[in-house]
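Take a look at the structure set out below.
None of the values given here were measured: they were computed from a predicted structure. These numbers come from the heavy atoms of this one structure, side chains and all, not from hydrogens, waters or symmetry mates.
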Amino acid sequence: MATFLYRLGRFSFRRRRLVALLWVVVLAACAFAAAKAPTAPEDGFSMPGTESQKAFDLLDQRFPGGNSNAADARIVFVAPEGQKVTAGPNKAAIEKIVADVAGGDQVKGALDPFKMAGAVSKDGTTAYSTVSYDVQSIDLTDATKKALEDTAEKGRDAGLTVELGGSALVPEGELGGTTELVGVAAAAVVLLITFGSLAAAGLPLLTAIVGIGVGVASIVAIGMSTTTTTLALMLGLAVGIDYALFIVSRYRTERAEGHGAEEAAARAVGTAGSAVVFAGLTVVIALAGLAVVGIPVLTKMGLAAASTVVIAVLVATTLLPALLGFFQKAVLPRSRRKGHGGQRAKDGRPNLGTRWARFVIRRPLAVLVLSILGLGLISVPALDLQLGMPGDEAKSTSTTQRRAYDALTDGFGPGFNGPLTVVVDAKAAKDPKAAAAQAAKQLTATRGVVATTPPAFNEAGDTAVLTAVPSTGPSSEDTTELVRTIRDEARDLESGTGATMLVTGTTAVNIDVSQKVTDALVPYLALVVGLAFLLLMVVFRSLLVPLKAALGFLLSVTAAFGTIVAVFQWGWLADTLGVEQTGPVMSMMPIFLIGVVFGLAMDYEVFLVTRMREAYVHGERPGEAIVTGFRHSARVVGAAAVIMIAVFAGFIGMSESMIKMMGVGLASAVFFDAFVVRMTVVPAVLALLGDRAWWLPKWLAKVLPQVDVEGEKLNHGGPSAPAEAAEPAPDPVRV
């Protein structure tokens, strides 16, 4: 591996104009294809195999033209204090508003609250109208959305309190531009501080931008929707900077050791590039493994992000050495650019990483115990982890969706915001109407149901739809138990009438998502950790180092879960972080967090430990190898982690609770993994293990392929650069 990448790096350096031109052509071609590609349809959220999805499919089949995924909106009217919505002027204003909405473009219908049972609260202060559209929310035009908002303003002008809710108001591009720009700016500052050179700081940013440009443009060009690019954009930026950062740092080290520019670039790609390749493979495994969950949208996002990571690896191992050819001395520290030997002298003195490594290996057991106890304490709240899909109740009170949610809760009860849609398939029943009536009676008698609507049949008369209103809110555990109870009672209906009863609707879908993700967590972890263990065993030729890497990841990710639960369920630091409503953790969060953080954690593991392995293979004792690895890699890994924390922390300032949760979870996970696990637990464990850390059974050593990540062949009879490429070593400096 090292030999192949050495030759690739040398070729890219020598043919730098050709390589750079090829990447420009690829980027332009992908951008052109993306610009010409038709707008991809939005991915429908489906979960094959779940009861809620079966019910949606049945509705689409038995109610043709109904479009169960179509957008809807809910207009909530609240009368002025001391008045009722049924009063003459208020009623007239509401009817006028509903009529105006019903006549709008893309509107299928708007229900008059005074002609619909249960649409006016018992105290007469609150009413609502449901607006249904012909298209999905992504296809709603700006004019349609503006017409809905203008309607609310008309109601407010009439003296009413009018708020809006529903899928028609789902904002677009919540993870867009600003956050990425903040991340790039933070990365630029950290890189400049780390390298002390504008060129050295600029190259990782430039290559990362090229990588995500090619990756995202390719995703759009092949027809994937914009939602699949979110993870690809975020991770492409993250790993693109990380990989280039590592190779540039190794190039500077090779130059400081006296190698010429071409030889240094080739060796940097051969050694650091090998670590980049295997680190990238671990990220790809983690992302492609998202297919285990069985949610198509999540699978597409994982595969799209994995392809962007592959492109980032290709850019780092080809375009970056080519660019180093254009900036051979500009990326070096100022002392090296002036021809002084300052860098070598600096490398000979203990730096912060060296001092920290020596501190850890002097007292490894105490450091290890304190680190594990600290992470274990932070992980305790994770035992209370509750999964759900937070809705409008988790939004800021400054949003109309949250105010509409609160108004409906006050007027009709908490369960009104999460009604259950019950589908009765009576095609096999002898008397479909009697079967539907029995289902309605059974629902009404179920504890936890406060209201049900009469069955509404399709034209064929073999399928009915009912609505059941729970007594508790959509994210409540009691509502989850109610859904399970209704599904259990469906067996009695089927045995008595021959009809089947399915529960769906937004609340039921969210419950099914949570259950499906929970069921997939263990298989996903087993697959991802197992494959990564095998890969790291090949890289490090050790059994204990990969095992330690996997266990360390579990420590950091459980600590991140504990942080999320403490903030978003228990309310710790909620005011400081702008969390206005506590509740269950987003169902997708655990699987998403595991996938992203595992990839980044293995990046840091490979970057840090390969340098230790390299020193050990070249004859250093275990303790010395740890110090050497930290001297060369700790600063780079620390800078990479700070960049990632800054990128993810940018999400904390977003108004959406789910995005804020992602920011807190990812930022804390990277902090725990990089600075506690990789920088503290790893050297402590390796110091305690000593030579045993690198032990591998002889029979296994014969089976495993020799990938030479540490570049041993480059120092013993491997390829070498021409003699004229080398520079004379700088004058020795007394240490």
At their closest point, which heavy atom of Ala435 faces which heavy atom of Ala429, and how far apart are they?
CB-CB, 4.1 Å

Can you name the one residue among Gln61, Gln53, Lys54 that meets side-chain hydrogen bond (donor to acceptor under 3.5 Å, both in side chains) with Asp57?
Gln53

Below 4.5 Å, heavy atoms only, C-beta onward: do Val422 and Leu502 meet side chain to side chain?
no

The criterion is salt bridge (charged side-chain N to carboxylate O under 4.0 Å, His left out); which residues satisfy it with Lys115, sequence neighbours excluded?
none

If every non-hydrogen atom of Ala127 is compared with every non-hydrogen atom of Val120, which pair is closest and at what distance?
CB-CG2, 4.1 Å

Give a yes or no on whether the backbone of Ala168 and the side-chain of Lys145 come within a donor-acceptor separation of less than 3.5 Å.
no

Between Leu290 and Thr299, which heavy-atom pair has the shortest distance, and what is it?
O-OG1, 4.1 Å

Can you list every pair that meets salt bridge (charged side-chain N to carboxylate O under 4.0 Å, His left out) and has a residue in residues 472-483, with sequence neighbours left out?
Glu481-Arg484

When every non-hydrogen atom of Pro432 is compared with those of Gly461, the smallest separation belongs to CB-O, 3.5 Å

Does Arg156 reach the main-chain N or O of Val162 with its side chain, forming a donor-acceptor pair under 3.5 Å?
yes

Sorted by chain and number, sequence neighbours left out, side chain to side chain donor-acceptor pair (under 3.5 Å) with Thr497 holds for none

Is a donor on one side and an acceptor on the other found under 3.5 Å between the side chain of Gln401 and the backbone of Gly166?
no

For residues Ile564 and Gly665, report the shortest heavy-atom separation together with the two atoms involved.
CD1-CA, 3.6 Å

Is it true that a side-chain atom of Ser476 and a backbone atom of Gly473 form a donor plus acceptor pair closer than 3.5 Å?
no

Do Val78 and Leu160 touch side chain to side chain, with heavy atoms closer than 4.5 Å?
no

Might you work through the side chain to side chain donor-acceptor pair (under 3.5 Å) test for Asn90 and Gln83, ending with a clear yes or no?
CA-CA 9 Å; Asn90 294 336; Gln83 299 183 28; 3.1 Å; yes

Can you find a pair of side-chain heavy atoms, one from Thr125 and one from Val85, that are under 4.5 Å apart?
no

Glu459 atom CD: more than 12 heavy-atom contacts under 6.0 Å:
no

One pair to check against side chain to side chain donor-acceptor pair (under 3.5 Å): Asn417 and Thr409. What are the steps and the verdict?
CA-CA 7 Å; Asn417 283 291; Thr409 299; 2.8 Å; yes

If we ignore angles and hydrogens, is there a donor and acceptor under 3.5 Å between the side chains of Thr504 and Glu51?
no

Do the non-hydrogen side-chain atoms of Asp462 and Phe457 ever get within less than 4.5 Å of each other?
no

Going by the rule side chain to side chain contact (heavy atoms under 4.5 Å, CB included), which residues pair with Thr507 if we only count those two or more places apart in sequence or in a different chain?
Leu420, Pro474, Thr479, Ile511

Sequence neighbours left out, what passes side chain to side chain donor-acceptor pair (under 3.5 Å) with Lys96? Give chain and number order.
Asp100

Measuring only between side-chain heavy atoms, which start at C-beta, is Thr444 closer than 4.5 Å to Thr446?
no

Residues, nucleotides or ligands: over 12 heavy atoms within 6.0 Å of Asp112 CG
yes

Salt-bridge criterion met for Asp142 and Lys146 (N-O under 4.0 Å):
no

If we only count heavy atoms from C-beta on, is the Phe553 to Ile594 side-chain gap below 4.5 Å?
yes

Pair Glu163, Thr400 - check side chain to side chain donor-acceptor pair (under 3.5 Å), show working.
CA-CA 5 Å; Glu163 304 297 347; Thr400 185; 2.6 Å; yes

Quick one: does Tyr133's side chain get under 4.5 Å of Val131's, heavy atoms only?
yes

Ala669 versus Ser556, closest heavy-atom pair with distance
O-CB, 4.3 Å

Exam field: side chain Asp425 to backbone Lys427, donor-acceptor pair closer than 3.5 Å
yes

Side chain to side chain contact (heavy atoms under 4.5 Å, CB included) involving Phe671 - partner list, sequence neighbours excluded
Ile645, Phe675

Is there a donor-acceptor contact under 3.5 Å linking the side chains of Thr144 and Gln106?
yes

Look only at the side chain of Thr130 and the backbone of Arg74, and say whether a donor-acceptor pair between them is shorter than 3.5 Å.
no

In Å, rounded to the nearest 0.5 Å, how long is the span from NZ of Lys516 to OG of Ser587?
13.0 Å

Hey, are Lys84 and Asp123 close enough for a salt bridge, meaning a charged N less than 4.0 Å from a carboxylate O?
no

Indicate yes or no: does Asp512 engage Arg487 in a salt bridge with an N to O separation below 4.0 Å.
yes

Using the rule ring-ring contact (aromatic ring centres under 6.0 Å, His included), only one of Phe77, Tyr405, Phe416 pairs with Tyr128; which is it?
Phe416

For residues Ile591 and Leu298, determine if any side-chain heavy atom of one lies less than 4.5 Å from a side-chain heavy atom of the other.
yes

